[in-house]
2 protein chains.
Amino acid sequence: MKEKLEEALKKAIKKASRSPAPPKLAAAMDYAIFPGGARVRPQLSLAVSNACGLDNFDLSMASAVSVEMMHCASLVHDDLPAFDNAEVRRGKPTVHKAFDEPLAVLCGDSLIILAIQVLTANGLSAPERLGKLINVLTTSTGMPYGICSGQGWESEKTIDLSSYHKLKTASLFVAATKMGAISAGEDPEPWAELGQRIGEAFQVADDLKDFSDSQKSGKSNNRDRENERPNAVLKLGEQGAIKRLQDILAGAIASIPSCPGEVELIKIVRSQAERLTPVEPLQKTL
Amino acid sequence: MKEKLEEALKKAIKKASRSPAPPKLAAAMDYAIFPGGARVRPQLSLAVSNACGLDNFDLSMASAVSVEMMHCASLVHDDLPAFDNAEVRRGKPTVHKAFDEPLAVLCGDSLIILAIQVLTANGLSAPERLGKLINVLTTSTGMPYGICSGQGWESEKTIDLSSYHKLKTASLFVAATKMGAISAGEDPEPWAELGQRIGEAFQVADDLKDFSDSQKSGKSNNRDRENERPNAVLKLGEQGAIKRLQDILAGAIASIPSCPGEVELIKIVRSQAERLTPVEPLQKTL
């Protein structure tokens with residue numbers, strides 16, 4: 001399935017790069033998507049579609065692709081000098097470093113729109129599902145319930161750790177599970193909690209990894225502290241964060257609705273959970 | 001109708017600003033939309049809906065609102081330091097000046113997504129039309145046929161004036177006319193040329209206005225020359241550009257399909273044409 005996902009992503013970028021596309025912007029979009037990270041969100045979405053008895057492969061794949069494109073768009077904009085001013089992403093220069101800032105802003109904008117284009121192109125034959133899918137995807141990325149809202153909280157003086165993470169990270173995981181269900185013609189609501197919990201776990205694991213990296217290197221590479229952003233390790237301590245991650249993942253698995261593909265899905269969530277946890281004591285307990 | 005449009009825009013921004021929206025980002029979105037410019041695109045869209053026998057007011061209004069939001073989003077991002085580095089827009093500081101750069105980037109992102117959200121919220125009851133509307137709106141704003149593509153050409157070494165304007169400016173006018181038709185249940189294709197021509201006229205009028213302003217002030221305020229961007233006056237001369245504008249507008253009016261609201265629509269296009277033309281000799285000939 002991973003291979004088919006990469007193919008579908010490639011196809012979408014190729015379509016966006018046709019004449020009269022400006023070559024540099026087209027190249028920046030390709031660069032932002034390939035090679036990918038772990039593709040956790042789209043794979044989760046496809047796993048839920050499968051568990052729901054996948055009956056429209058193209059639409060479920062388009063849902064997965066659209067979630068990944070939104071994720072990559074948010075990374076490109078988050079890395080900009082005005083936000084994280086990050087120089088490296090996935091082991092190579094960030095988009096604004098490899099190209100330039102105007103192209104990075106446009107690349108993010110174009111990927112946001114491309115996410116909707118891919119979904120629409122594959123949903124015109126299933127218009128009832130399409131409306132619901134776009135509704136979920138835009139709610140999870142825009143204002144007031146999505147990624148933009150979460151990112152916007154970084155510009156405020158006070159911020160609530162839990163609701164910040166829900167908006168900035170978990171919202172797109174919720175979109176992934178709900179869209180997986182909708183694209184297969186199922187009710188999305190029973191799947192929201194799974195996305196919510198995996199999203200929370202992902203954020204805590206990220207904070208733990210940052211902490212572990214900074215311990216190993218002996219110097220603080222903790223951009224959250226520098227940028228005064230909320231961070232689970234800073235708030236709960238390392239052990240507290242590990243305990244929290246364990247609780248969240250146990251809850252994620254418990255939340256999976258009874259369905260034909262339940263066992264397979266639990267396996268996928270477990271393997272993602274293992275991948276998520278770079279910290280020694282935690283790996284042993286899973 | 002203008003008043004109802006303002007109400008609908010207000011309502012959409014208010015909905016995006018509900019809890020848990022971060023207050024500054026919500027304020028930036030409101031600031032980017034109000035007070036508006038001439039609202040040419042949404043009014044054109046509504047005029048076409050009317051001419052097509054408006055049968056779903058909410059959907060036609062949502063189409064108009066979504067076009068205006070995409071337009072405002074593109075202005076906010078175009079004004080960023082990485083692009084035009086503009087300090088003033090519509091007589092007040094640009095979004096990144098009044099707020100800051102992170103909020104301006106997020107404001108643009110959020111408005112792009114809000115455009116789709118508004119459309120979706122009002123189209124779930126008419127799913128066949130909704131898919132077509134979103135298809136047109138995203139095609140006219142993304143890659144390779146929309147605003148992002150046009151803006152992306154500014155990063156290339158060579159650029160074709162006509163295709164650049166088609167992408168960057170005319171594409172959203174085409175969306176306005178086509179979406180006006182689709183939201184009223186009509187075939188959009190006969191309406192594409194009207195949008196195309198008004199869009200072209202708008203860009204040429206803009207170039208003439210820049211030229212006229214710089215003549216009056218006695219100093220070059222021509223950012224296109226500074227930024228090495230294509231400009232009709234720079235390419236064709238003032239008289240050449242005026243002639244081109246006249247030809248385009250005559251063609252726009254001639255292209256209006258035969259329909260019940262035809263006469264009213266011609267009136268609206270004529271009045272927009274007059275508003276478009278700040279240059280004395282041209283006003284006399286219309």
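Since the model is a prediction, treat every value here as computed from it, not as a measurement.
- Per-residue counts of heavy-atom pairs under 4.5 Å with chain B were compared for A:P20, A:G142, A:A82, A:S19; the largest is that of A:P20.
- Note on A:A16, A:G146, A:S110: by heavy-atom pairs under 4.5 Å with chain B, the leading option is A:A16.
- Highest contact tally toward chain A, considering only B:P102, B:G152, B:S17, B:A26, is held by B:P102 [criterion: heavy-atom pairs under 4.5 Å].
- Identified by a heavy-atom distance below 4.5 Å to chain A, contributing residues of residues 67-75 of chain B are lacking entirely.
- For the options B:G131, B:P81, B:G150, B:S163, heavy-atom pairs under 4.5 Å to chain A are most numerous at B:G131.
- With sequence neighbours left out, B:K14 forms a side chain to side chain contact (heavy atoms under 4.5 Å, CB included) with no residue at all.
- Summarising the geometry, atom CE belonging to B:M143 is positioned 9.0 Å from atom SG belonging to A:C107; distances are rounded to the nearest 0.5 Å.
- Note: A:E156 leads A:E128, A:M29, A:E156, A:R18 in heavy-atom pairs under 4.5 Å with chain B.
- Your options are B:L137, B:L106, B:L130, B:I134, and the one with the most heavy-atom pairs under 4.5 Å with chain A is B:L106.
- Summarising the local packing, CD of B:E101 is surrounded by more than 12 heavy atoms from other residues, nucleotides or ligands at distances under 6.0 Å.
- Listed by sequence position, B:I112, B:I113, B:I116, B:Q117, B:T120 are the residues of residues 112-122 of chain B in contact with chain A, using a 4.5 angstrom heavy-atom cutoff.
- Your options are B:G123, B:A28, B:P23, and the one with the most heavy-atom pairs under 4.5 Å with chain A is B:P23.
- Of the atoms belonging to A:L80, it is side-chain heavy atoms, and not backbone ones, that fall under 4.5 Å from chain B.
- Within 6.0 Å of atom CD in A:E6, more than 12 heavy atoms from other residues, nucleotides or ligands are found, so the atom counts as buried in its surroundings.
- Note: A:K24 NZ to B:E154 CD = 12.0 Å, rounded to the nearest 0.5 Å.
- No part of A:K166 comes within reach of chain B, as not one of its non-hydrogen atoms sits under 4.5 angstrom from that chain.
- For the pair B:P22 and A:S149, the minimum side-chain heavy-atom distance is below 4.5 Å.
- Using a 4.5 Å cut-off between non-hydrogen atoms, no part of residues 171-187 of chain B approaches chain A.
- Between chain A and the options B:T139, B:L124, B:N135, B:V105, heavy-atom pairs under 4.5 Å are most frequent for B:V105.
- Interface remark: A:L167 contributes side-chain atoms only to the contact with chain B (heavy atom separation under 4.5 Å).
- Taking B:H77, B:K15, B:K132 one by one and counting their heavy-atom pairs under 4.5 Å with chain A, the maximum is reached by B:H77.
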